[in-house]
Amino acid sequence: MAKILNDRVVIVTGGGQGLGRAICLRLAKEGCHVVIADIQEKGINETIKVIKQTNGKRAYGIITDITNEVQVINMVNTAISNFGKLDIMVSNAGILKSEAVEDFPADQWKKVIDVNLYGYFLCIKHAARVMKKQRDGIIVQINSKSGKKGSFKNSAYAASKFGGVGLTQSAALELAEFNVRVNTICPGNMLDSPLWVDSLFKQYARNRGMTEEEVRQYYINQVPMKRGCTYDDVCNVLIFLASDQSSYMTGQAINVTGGQQMN
């Protein structure tokens, strides 16, 4: 059975854990050679190991802080030097810190913007310089439903994600004539992911005065389909956007929210 993305070269930021690792594995399954960029070497090596064991595709890892332009340049150059091209850039790396506006430490608020928005800008900037020359390429950002609607005691994250949608649309306009498409995926709450289980349930329980179990049920109740978003839900849309099947789509922010967000 033909693989939909056979022999395409992709960079995935934040590919050493969680959703990023799931994205790397799914892209490899669909035929991609994968460059895994992350700040954690251990996570990178584990992702590479699983790819090679399960798919036999070429995988290369590079430690990258996406807020450091020199490191992002090196990340893109690494893909080119190892594979000769860059077909797909997946900007997945991100952080979330939750706090009331009046209590939010300014340096922490700025850090969320730096990683989620400035980091995404650097990924677009340096992917674009390669893809424009190729006159071909796909850029996909992993955003959030918080890029469409304000989020309670989550101002930095929502601001960064709203900005990401605007950046996606603006870059899509600039790059369309070069056959480079830029789209965003806005997932719902991935309630079984390490981010939620290890961090967000605790943050939100504190901010809302609830137990972690009450927080989980609160978020499930907001979803018409009555379940959290899964890695597969996101990856299914990513593969479509990264493939020729979506060749007439650019500048879009696609909701994957079980009906929770509809515009």
**OP:** With sequence neighbours left out, write down each residue that passes salt bridge (Lys or Arg N to Asp or Glu O under 4.0 Å) with D65, or none if nothing qualifies.
**Re:**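 Per chain and number, D65 pairs via salt bridge (Lys or Arg N to Asp or Glu O under 4.0 Å) with no residue.
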Could you walk me through whether Q203 and N207 satisfy the side chain to side chain donor-acceptor pair (under 3.5 Å) test, starting with their C-alpha distance in whole Å, then the side-chain angles of each, then the deciding distance to 0.1 Å, before giving a yes or no?
CA-CA 6 Å; Q203 290 188 56; N207 287 340; 5.4 Å; no
Side chains of [X] and [Y], donor plus acceptor under 3.5 Å:
X	Y	answer
T13	Y120	no
K148	N255	yes
Q134	D136	no
N82	R58	no

If you draw a 6.0 Å radius around NZ in K42, do more than 12 non-hydrogen atoms from other residues or ligands fall strictly inside? no
Does any non-hydrogen side-chain atom of F201 lie less than 4.5 Å from one of L191?
yes
| query | Any side-chain heavy atom of I44 sitting closer than 4.5 Å to one from I63? | reply |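 Yes, at least one pair of side-chain atoms sits under 4.5 Å.
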**OP:** Go through the steps to decide whether Q141 and S91 satisfy the test side chain to side chain donor-acceptor pair (under 3.5 Å), and finish with yes or no.
**Re:** CA-CA 5 Å; Q141 184 208 22; S91 181; 5.6 Å; no
Ring-ring centroid check Y204 Y219, cutoff 6.0 Å
yes
Practice problem: List the steps and the verdict of side chain to side chain donor-acceptor pair (under 3.5 Å) for D244 and S247. | Solution: CA-CA 5 Å; D244 295 338; S247 62; over 6 Å; no
Distance col, row I239:CD1 vs D232:CG, nearest 0.5 angstrom, shows 10.5 Å
Kindly compute the distance separating CE (M75) from OG1 (T78), expressed to the nearest 0.5 Å.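 So the gap between those two atoms works out to 9.0 Å.
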Do side-chain atoms of R135 reach the backbone of E177 as a donor and acceptor pair under 3.5 angstrom? yes
Is there a side chain to side chain donor-acceptor pair (under 3.5 Å) between E214 and Y218 once you walk through the steps?
-> CA-CA 6 Å; E214 288 171 336; Y218 172 82; over 6 Å; no
